[in-house]
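Letters A, B, ... mirror the listed sequences (proteins, then strands); counts begin at 1.
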4 protein chains.
Amino acid sequence: MPNATRGSNRGPAAAPENRRALLDAARRVFAERGYRAPLSAIAQEAGVGQGVLYRHFPTRLDLALEVFEQHFVELEALAAEPDAGAFGRLWTRLLELTVEESAFVEMFLAARHDLAETDLADRLPALVAATLPRAQSAGLVSAHLTVADVLLLQRMVYGVVATAVTDDEARDAVAQALALLDGVLEG
Amino acid sequence: MPNATRGSNRGPAAAPENRRALLDAARRVFAERGYRAPLSAIAQEAGVGQGVLYRHFPTRLDLALEVFEQHFVELEALAAEPDAGAFGRLWTRLLELTVEESAFVEMFLAARHDLAETDLADRLPALVAATLPRAQSAGLVSAHLTVADVLLLQRMVYGVVATAVTDDEARDAVAQALALLDGVLEG
Amino acid sequence: MPNATRGSNRGPAAAPENRRALLDAARRVFAERGYRAPLSAIAQEAGVGQGVLYRHFPTRLDLALEVFEQHFVELEALAAEPDAGAFGRLWTRLLELTVEESAFVEMFLAARHDLAETDLADRLPALVAATLPRAQSAGLVSAHLTVADVLLLQRMVYGVVATAVTDDEARDAVAQALALLDGVLEG
Amino acid sequence: MPNATRGSNRGPAAAPENRRALLDAARRVFAERGYRAPLSAIAQEAGVGQGVLYRHFPTRLDLALEVFEQHFVELEALAAEPDAGAFGRLWTRLLELTVEESAFVEMFLAARHDLAETDLADRLPALVAATLPRAQSAGLVSAHLTVADVLLLQRMVYGVVATAVTDDEARDAVAQALALLDGVLEG
DNA sequence: AATGAATGAGAATTCATTCAT
DNA sequence: GATGAATGAATTCTCATTCAT
């Protein structure tokens, strides 16, 4: 019979705050210790009990999905802009995310199999499909490039980052890779 | 009183055999259950006690390194052939390994940080450096390609495989990626 | 500023209704998931907050007692009828309860030790004592049977039900047991 | 990364001793705290680590089965004797077990559903079937009694014990129940 | 008086590692 | 040198209970 410890029960009002703290903690902990880090570490880092974590995010995947979600929201906002430059900005931000948030990469890799059941995999293609044609019409991107090609290019950049030893090396290697791919991307 | 075969303790003579069995088991288990599979599973699969595993391979990394080693030996044999086609065969085999032994990819990713202290990272560049020039002289490969470029291309293929959902998808995606990269590779 | 219906807090007026809902939920949940089912499941099934459950029933036992109480009220009504057949109807209903509400049996077993402090144990004997003599005078039941015997017989039926694998088997086994006991019960 | 604590590793030689200690501890703990007692309590009571418990008995049921097994071995020994009195001695011991080891009763009840997949349920009937006819031929037991009847009678005694408040009350109540059943059992 | 989130202790399970034989 | 059992810390998940609102 667990004893609820008398102490700082800040009541339901703390719920949204706790949720936010958990997401922040998850991002930090996943980044530092990998996607398989103990959930208890995340709860502790967020300064909440284990139960709160489970209430807000029943599974590890729910937590990961929410972290992914935040990034997707940002990308979708970029893709929603109607001008021809939207694709370019989307692609740029995607590369930035890939390079800067290498934990995001690792998390995605680790969660990949679990994610199969979600629609996450379809959201990025949709964004590319929505923006690529306009960029091609405007002559900003090679007309031969398909949506599948773009996604493949991103996966290739992914590989460079994933195999990089340090963040700096990742940055340099991606730059070099993009130089190699120059002819492929541009018209 | 020689009373050797009590139980299944086959004595010192079995050491090399055990070592081999452990390596085979490690490859199978890593492939099936990932690099983080329990070491006990490997010992069991090899049909030896846990202690034997620890005697031969004090850490998980030692086991992984040895598995990598076997692949490197093969690649080095390919690179050692003196003809202009050596680079092509090396590259082909490298891609095969990347695609077919996806566990190898995962293992490498998982062990990456631990591997930083080893010389594994330098051996592949050495092989490329030894074979690429001959292939370029023979006009088989674009003269603009550097050793660094080749390694980068391999990492890109890596990314495609690492992000693939299934082995089949990996194969298809790599084929498509290579088609995209065609202009880069060939003269 | 009366701003009552914020959320679904229906206020004090809902108290009796909540109590009833909790009892119904408790019966259902105990039946489906056993006496050790999480209290939160009962609150949820009742559609009320956890706090309400604790307000109405401070302990799991209070909840169980109340469920028992409802059955006792029914049995006491049967025993209150003044005719010679009252004992027979009481006995019949007792057997039905034992057989049909197997969760009731389990609950009683599980709560048995806690129940020792209550007067539950005395109420059934009282009902038997109140009705048995009239049935014996009318020659409906063996004159040798004591109140203690009847209670013992019920416990024996209990044992048959408690050890039954399925409800159907319980029914059959009780019938067979009663056949065995025929000579004991009747005059 | 769990640290194996340096300490009292008495080596494999302790295995049988540990197994015995675990069984004894299980019997004690089940008796005192019920079949659902924490497994950790059993390991502690036995003076071994949790892992040892899991090695010897992967599931709670395995532990319970082994405890049951010990009793069955005893009963089977009784039933194996070829004289007409075997049934009587089996029945007597069965009642003793039912009464004296009330934890055994509780354990059986609690494990009942898990036990469905085992052959435990068939072993007791087999013992009765093997001994009852001889007792009947010798006129020691009513010729009308079937194997099913005997098992039913045992379940009825079971019920009496299961619903008893104390061990003493159980003993008295069983005696009284057997008196009631006298006519049923004897010829 | 109701709500429902927070708390954290408890229990099950898994493994890396050690070590007696 | 091999065996395989022992150890126990670490992790996940569950709930009884409290309490701010």
Calculate the interatomic distance between [X] atom [atom1] and [N] atom [atom2]; express it in whole Å.
| X | N | atom1 | atom2 | answer |
| --- | --- | --- | --- | --- |
| A:Arg60 | F:dT11 | CZ | C1' | 9 Å |
| B:Glu45 | E:dC15 | CD | P | 16 Å |
| D:Leu53 | E:dT14 | CG | C1' | 13 Å |
| B:Ile42 | E:dC15 | CD1 | P | 12 Å |
| B:Phe57 | E:dT17 | CZ | P | 15 Å |
| D:Arg36 | F:dC15 | CZ | C1' | 17 Å |
| C:Gln44 | F:dA16 | CD | P | 13 Å |
| B:Arg19 | F:dG1 | CZ | P | 13 Å |

Look at the side chain of [X] and decide which nucleotide, out of [options], has an atom nearest to it.
| X | options | answer |
| --- | --- | --- |
| B:Ala15 | F:dA2, E:dC15, E:dA2 | F:dA2 |
| B:Tyr54 | F:dT11, E:dT3, E:dA16 | E:dA16 |
| C:His56 | F:dA2, F:dT7, E:dA2 | E:dA2 |
| D:Asn18 | F:dT12, E:dA16, F:dA6 | F:dA6 |

Residue whose closest nucleotide on DNA chain F lies nearer the 5' end, A:Thr59 versus C:Leu39
A:Thr59
Assign each of D:Val52 and A:Ala37 to its nearest nucleotide of DNA chain F by heavy atoms, then name whichever residue's nucleotide is nearer the 5' end.
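Final value for this comparison: D:Val52.
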Using only atom types and a distance under 3.5 Å, with no angle test, would you say the side chain of [X] pairs donor to acceptor with the backbone of [Y]?
| X | Y | result |
| --- | --- | --- |
| C:Asp62 | C:Thr59 | yes |
| D:Arg60 | D:Tyr35 | yes |
| D:Arg28 | D:Ala46 | no |

Any strand: nucleotide that pairs with E:dT13 via Watson-Crick or wobble, under 3.5 Å
F:dA10
Complementary nucleotide for E:dT21 - Watson-Crick or wobble, under 3.5 Å
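Matched E:dT21 with F:dA2 under the 3.5 Å cut-off.
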On DNA chain E, nearest-nucleotide positions of B:Gly51 versus C:Arg55: which is more 5'?
C:Arg55
Would you please test A:Asp24 and A:Arg27 for side chain to side chain contact (heavy atoms under 4.5 Å, CB included) and show each step?
CA-CA 5 Å; A:Asp24 285 352; A:Arg27 188 147 41 198; 3.7 Å; yes
So, does the side chain of A:Gln50 form a donor-acceptor pair with the base of F:dT12 at under 3.5 Å?
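No, the side chain and the base share no sub-3.5 Å donor-acceptor pair.
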Would you sort out whether D:Glu66 and D:His56 count as a side chain to side chain contact (heavy atoms under 4.5 Å, CB included), showing the intermediate values?
CA-CA 11 Å; D:Glu66 198 64 28; D:His56 286 291; over 6 Å; no
